[in-house]
Amino acid sequence: MITGKNYIGSKLTANGTKTYKTFNPKENKETDWTFYEAIESEIDEAVTLASEAFQTYKNFSGAEKASFLNTIADEIDALGDILIETYTAESGLPEGRARGERGRTMGQLRAFATLLEEGSWVEATIDTAQPDREPLPKPDIRKMLFPIGPVVVFGASNFPLAFSTAGGDTASALASGCPVIVKSHPMHAGTGELVASAIIKAAEKTGMPNGVFSNVNSSGIEVGQQLVKHPKVKAVGFTGSIKGGTALYKLANDRKEPIPVYAEMGSINPVVILPSALEEKGSFWAKQYAGSITVGAGQFCTNPGLLLAVKSNALESFITELGKEISEIAPTPMLHPNICKTYQNGVKTASEQSNTSVVASYDTEASPNFGKQKVLTVAGGEFLKNPVLHQEVFGPYSIIVQCENDAELKTVLDALEGQLTGTILGNSNELAHKSEIVEALKERVGRLILNSVPTGVEVCPSMHHGGPFPSTTDAKYTSVGVSAIKRWVRPVAYQNWPLELLPNALKNENPLQIMRLINSEHSNKSI
């Protein structure tokens, strides 16, 4: 049941008078659910509860936190079809996508639970004392990672489950020992409330402290601003636009005590198409990229918004085939009328730039809020002169840049801003002779992909979903995979500490049986 209220810890509240509704983009009408905007007293209560919960939750064992995360996954599964139906109603996305994303969300939670059960993620490091060392004795020093405190997570518009209420930011923060306050995304607040109810139920079943999780509603920016500025909040997770992410980043840095904002923002995900790919599999790649550009109405942070290649007859054939393939794909609904309008304005602006031409455009009438795909092409020199063409257009759009030679292609890569992904299509023999292009691409991205499409992000320990600014605010960290936990922790070193008073991870006997770095050697043995 959706109440439209805010979860302040385990309590449902609706103390404010301002309300809003979510919207069904496929049916082009508001949903039946009314949501109450959180007010300042509710925000303060949520953060205060989180701060109080932190004092005990940070000391919970890995096994206890793992049980909490696994139970959250169980409770999300137990929501059944009501979650799927609410998801599709609020997003316009199909049932298959909803079920797949639910599975990914549960999988992420269980992956962090497994990480906690093993325990070595705390990076315990021990350097034992050398009292007889000359000219100065060496002290006993031991270090490990500890959670930093209450974390605010902003739900993402394009992933109502996997990057929202119980998504990767929430899962990783809870895994680290940090309580979470979610600012629910207004486009799928009903989905968010259902997931929040699952988290609260899991917290109660596993004995977590009240305030370990809260979920607050807002259709505007005021609630988010108040959360980021609250002195008891210690970090922020965000997935969304460059404008939104940079605004939060500046707000957090203007605080008396600045805090980190881990924001995943814009990316056009350049794809370099080498001659061998065009000559050997041009038709194949045309079909693959027609699908990648339009999948999910192009509403992926890894959408291939820029294709780069050197002019050739094979490139001309590829462009013709891509245009044919993409024109035949039926449009699908975008997440919200505002997102669709922004997309249409972005396409219009790009199309009006001088010396661009249309490769493909879906010109048949489509239902309201359906994103009609468009692909443009432009010469490399013109692209370099026009920064408007470098900007992300969030939706089923891409632009093909035709370069005169490899030197110009490298210059284009050097001119790009930071990106989440960079892809190269081509065979190994050719790739071996393109080291300058590979290096130029590597300098701009967080993930290098070979002979594939960038859409689709595998959740695994080796995944890095981050990149240089403005794709993220800190290229060192990922928002996907278990390494995401490192955003919410800090190292603390103990020097000459009584052995019996050390955390279990740093004790000589190693009661947790975790892997540690002991005097520069990895071991799970006791000292």
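Every heavy atom of this structure was used, including side-chain atoms; hydrogens, water molecules and symmetry mates were not. Being a predicted model, the structure only gives us computed values, none of them experimental.
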Is the shortest distance from a Lys or Arg side-chain nitrogen in Lys201 or Asp74 to a carboxylate oxygen in the other one below 4.0 Å? no

Spacing of Ile293 atom CD1 and Asn303 atom CG [to the nearest 0.5 Å]: 7.0 Å

Which pair of heavy atoms, one from Phe112 and one from Ala484, lies closest together, and at what distance? CZ-CB, 4.3 Å

Donor-acceptor side-chain pairing of Lys507 and Asn504 below 3.5 angstrom: yes

Does Ser214 reach the side chain of Val182, with side-chain heavy atoms less than 4.5 Å apart? no

Do you know the tightest heavy-atom contact between Arg133 and Lys138? CZ-CB, 3.5 Å

Using 30° and 60° as the class limits, which term best fits the ring planes of Tyr57 and Phe68: parallel, tilted or perpendicular? perpendicular

Does atom CD (Glu521) have a neighbourhood of more than 12 heavy atoms from anything else shown, all under 6.0 Å? no

Taking it one step at a time, do Leu145 and Val492 satisfy side chain to side chain contact (heavy atoms under 4.5 Å, CB included)? CA-CA 6 Å; Leu145 300 175; Val492 175; over 6 Å; no

Between Asp169 and Arg487, does at least one N-O distance fall below 4.0 Å, as a salt bridge requires? yes

How long is the span from the NZ atom in Lys234 to the CD atom in Glu257, to the nearest 0.5 Å? 3.5 Å

Under a 4.5 Å cut-off applied to non-hydrogen side-chain atoms, are Pro231 and Lys256 in contact? no

Using the rule given for side-chain hydrogen bond (donor to acceptor under 3.5 Å, both in side chains), can you reason through Asn24 versus Thr31, listing the C-alpha separation, both sets of side-chain angles and the distance that settles it, and then say yes or no? CA-CA 6 Å; Asn24 186 322; Thr31 65; over 6 Å; no

Quick one: closest heavy-atom pair of Gly119 and Ile514, and the distance? C-CG2, 3.6 Å

Side-chain heavy atoms of Pro260 within contact of Tyr262, under 4.5 Å: yes

Quick check for you: to the nearest 0.5 Å, what is the distance between Glu30 atom CD and Phe23 atom CZ? 7.0 Å

In this structure, are over 12 heavy atoms from other groups packed under 6.0 Å from Phe60 atom CZ? yes

Can a donor-acceptor pair be found, under 3.5 Å and without considering hydrogens, that links the side chain of Gln419 to the backbone of Val445? no

Check the side chains of Ser61 and Glu64 for a donor-acceptor pair under 3.5 angstrom, ignoring hydrogens and angles. yes

Carboxylate-amine/guanidinium proximity below 4.0 Å for Lys486 and Glu123: yes

Can you confirm whether or not the ring centre of Phe159 sits under 6.0 Å from the ring centre of Phe300? yes

So does Gly244 get a backbone contact from the side chain of Ser241, meaning a donor-acceptor N/O pair under 3.5 Å? yes

Answer yes or no: is there a donor N or O on one side and an acceptor on the other, between the side chain of Glu90 and the main chain of Gly190, under 3.5 Å? yes

Side chains of Thr423 and Leu450: does their closest heavy-atom pair fall under 4.5 Å? no

Shortest non-hydrogen contact from Ser218 to Tyr20? N-OH, 3.5 Å

Option from Leu116, Val459, Leu115 for which side chain to side chain contact (heavy atoms under 4.5 Å, CB included) with Val482 holds: Leu115

Parallel, tilted or perpendicular for Tyr494 and Trp497, by the 30°/60° rule? perpendicular

Do Glu193 and Lys5 meet the salt-bridge criterion of a basic N to acidic O distance under 4.0 Å? no

Looking at Gln55, I want to see if its CD is surrounded by more than 12 non-hydrogen atoms of other residues, nucleotides or ligands under 6.0 Å. yes

Tell me if a side-chain donor or acceptor on Asp81 pairs with a main-chain N or O of Glu85 at a distance below 3.5 Å. no

Within the 3.5 Å criterion, strictly below it, is a donor on Glu118 or Ser120 matched to an acceptor on the partner's side chain? yes

May I ask you to check if Arg104 and Phe163 form a cation-pi contact, with NZ or CZ under 6.0 angstrom from the six-membered ring centre and within 45° of the axis? no

Under a 3.5 Å distance rule, please check whether Ser176 uses its side chain to pair with a backbone N or O of Ile485 as donor and acceptor. no

Side-chain contact, heavy-atom cut-off 4.5 Å: Leu420 with Glu264? yes

Does CZ belonging to Arg255 count more than 12 external heavy atoms closer than 6.0 Å? yes

Can a salt bridge be assigned to the pair Glu417 and Arg444 using a cut-off of 4.0 Å between side-chain N and carboxylate O? no

Please determine whether side-chain hydrogen bond (donor to acceptor under 3.5 Å, both in side chains) holds for the pair Thr125 and Lys143, giving the CA-CA distance in whole Å, both sets of side-chain angles, and the decisive distance to 0.1 Å. CA-CA 5 Å; Thr125 306; Lys143 180 181 70 173; 5.1 Å; no

Between Asn6 (side chain) and Asn217 (backbone), is there a donor-acceptor pair under 3.5 Å? yes

Could you check whether any side-chain N or O of Thr13 sits under 3.5 Å from a backbone N or O of Asn15, counting only pairs where one atom can act as donor and the other as acceptor? no

Cation-pi, Tyr87 ring and Arg97 (6.0 angstrom, 45 degrees): no

Taking the side chain from Arg142 and the backbone from Leu506, do they hold a donor-acceptor pair closer than 3.5 Å? yes

Check the pair His464, Tyr477 against side chain to side chain contact (heavy atoms under 4.5 Å, CB included), reporting the backbone distance first and the verdict last. CA-CA 8 Å; His464 186 79; Tyr477 296 96; 5.6 Å; no

Under-4.0 Å salt bridge between Glu45 and Lys11: yes

Evaluate Thr239 against Cys301 for side chain to side chain contact (heavy atoms under 4.5 Å, CB included), listing each step before the verdict. CA-CA 9 Å; Thr239 300; Cys301 52; 5.9 Å; no

Kindly compute the distance separating CE (Met515) from CG (Asn510), expressed to the nearest 0.5 Å. 9.5 Å

Any sub-3.5 Å donor-acceptor pair from Thr478's side-chain atoms to Ser483's backbone N or O? no

Let me see the working for Phe394 and Asn158 under side chain to side chain contact (heavy atoms under 4.5 Å, CB included), right down to the final yes or no. CA-CA 10 Å; Phe394 187 67; Asn158 58 338; 4.1 Å; yes

Looking only at side chains, do Thr302 and Thr421 share a donor and an acceptor under 3.5 Å apart? no

Any donor and acceptor pair, going by atom type alone, linking the side chain of Gln299 with main-chain N or O of Met334 inside 3.5 Å? no

Which distance, rounded to the nearest 0.5 Å, do you find between the CG of Leu49 and the CG of Asn210? 5.5 Å

Which atom pair, heavy atoms only, marks the closest approach of Pro179 to Ala50? CG-O, 3.3 Å

Report yes if the side chains of Val457 and Met463 come closer than 4.5 Å at any heavy-atom pair, otherwise no. yes

Would you check if Thr22 and His188 make a side-chain contact, meaning some heavy-atom pair closer than 4.5 Å? no

Do Val236 and Val151 have side-chain heavy atoms sitting under 4.5 Å apart? no

To the nearest 0.5 Å, atom CD1 of Ile82 lies from atom CD1 of Ile2 at 6.0 Å

